[in-house]
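To keep things clear, I will list the structure first and then write my remarks on it.
As the structure lists them, so they are numbered: ligands from 1, and atoms in each ligand from 1. Reckoned from all heavy atoms, side chains included, excluding hydrogens, waters and symmetry mates.
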Amino acid sequence: MRIGILTGGGDCPGLNAVIRAVVRKGSVDHGDEFVGFLDAWDGVREKRFIELTVGTMRGMLPKGGTIIGTRRGSPYDHADGPQRVREVCDELGLDGFVVIGGNGSLSVAAKLHAEIGLPVVGVPKTIDNDVEGTDVCFGFHTAVQTATDAIDRLHTTAESHDRVIVVEVMGRDTGWIATYAGIAGGATAILIPERPFDIDAVIEVVTRRHSRGRYASIVVVAEGAMPLEGTMPAPTYSLDPFGRPRLGGISSAVAEALAERTGFDTRVVQIGHVQRGGTPSAFDRVLCTRLGVAATEALHDGVTGQMVAVRNDQIVRTPLTGVIGKTRFVDLSIYDNVASVFFG
Ligand code: F6P
């Protein structure tokens with residue numbers, strides 16, 4: 001087969017590891033050839049690509065980012081976009097396609113499969129862990145470890161200065177990273193979009209802890225967290241070129257309210273893109289390798305319009321259409337029954 005590959009959306013640790021596995025499985029077992037489109041769908045429209053071989057991918061297992069670049073945006077942003085994808089695939093003689101992406105890229109892949117018959121298999125990625133249909137997305141585990149390492153370090157400085165540190169982590173509309181890094185890092189409180197927060201309750205938790213003589217607190221806030229209506233002003237965000245709110249800054253509002261109402265010395269830390277960069281964890285490397293091999297196997301089984309995913313630690317195939325318009329939110333039993341036990 002001749003197979004096109006692209007990485008779409010925000011980068012995350014493990015993209016190269018997936019590409020390496022797709023290419024290795026296809027080249028060695030089937031004699032496949034691979035075309036890596038540069039900068040996601042832009043590279044398809046503009047016919048910019050590199051040939052990917054076992055040699056090209058040598059040394060890429062631990063390398064963060066993506067060797068073929070990534071962008072947001074979709075062929076549907078252009079009137080002739082889908083038709084152009086079809087033309088380029090025909091011109092390059094592609095009979096398979098692997099899209100490695102999050103909700104946006106996988107939804108586009110589903111549409112292209114339905115509308116122009118793109119023979120595509122998806123691989124779910126994102127540090128946000130919010131793709132429906134899989135138990136976990138690669139990149140999430142690494143991001144949680146990075147955030148946890150940061151929280152560990154913040155504990156020691158917070159304790160030395162008797163400070164409250166409000167730590168903001170990524171996750172868009174979900175609190176996966178916040179919940180997991182908050183549990184792993186022993187947070188005093190965790191604020192997530194799935195549970196709009198009452199600032200009075202947060203203040204109460206921190207004050208209670210301080211009244212017991214524990215002066216340092218780490219409050220973990222997901223970037224998409226929102227206050228309960230009427231409790232404090234909700235943050236407003238400008239939109240990026242793709243119409244998505246540019247999240248970031250809720251931690252400052254929380255810290256300001258905490259400092260003002262408690263008098264505690266308070267600092268804010270936004271971990272930001274550090275969570276997306278760098279080498280994937282061992283867990284993610286294995287997951288990426290399993291998913292990459294499974295994507296190639298699916299194409300050789302003639303299965304398209306599907307995503308390879310994880311269910312109960314097994315790799316499964318599930319229709320790409322199941323991703324469209326969906327967000328996989330935090331399992332609230334973990335937040336309510338586990339994380340919150342340690343608040344305060
Ligand atoms: O979707 C991944 C993510 O890292 C989110 O957690 C974050 O809100 C967003 O991307 C930031 O994207 P960028 O800075 O690349 O526009």
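- Electrostatic pairing of D39 and R71 counts as a salt bridge here, judged by a charged N lying under 4.0 Å from a carboxylate O.
- For ligand 1, the polar-atom distance check finds no N/O of M170 at less than 3.5 Å from any of the ligand's N/O atoms.
- Of the polar atoms of R172, at least one N or O is found under 3.5 Å from an N or O of ligand 1, judged by distance alone.
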Evaluate the criterion side-chain hydrogen bond (donor to acceptor under 3.5 Å, both in side chains) for residue pair R285 and T279; output intermediate values, then yes/no.
CA-CA 9 Å; R285 292 182 203 185; T279 188; 2.9 Å; yes
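- Neither the backbone nor the side chain of R246 comes within contact range of ligand 1; no heavy atom lies under 4.0 Å.
- With respect to atom 16 (O) of ligand 1, the closest heavy atom belonging to the protein is R72 NH2, 3.6 Å.
- The protein non-hydrogen atom at the shortest distance from atom 3 (C) of ligand 1 is R276 NH1, 3.5 Å.
- A salt bridge is absent between D32 and K25; no separation between the charged side-chain nitrogens and carboxylate oxygens falls under 4.0 Å.
- Judged by distance alone, the side chains of T56 and T53 do bring a donor and an acceptor atom under 3.5 Å apart.
- Of all heavy-atom pairs between G325 and S107, the closest is N-OG, 4.3 Å.
- Atom 8 (O) of ligand 1 has its nearest heavy-atom neighbour, among H273, Q275, E223, R244, in E223.
- Here Y180 and F140 bring their ring centres to under 6.0 angstrom of each other.
- Ranked by closest heavy atom to atom 2 (C) of ligand 1, the top entry among D128, T70, I127, L247 is D128.
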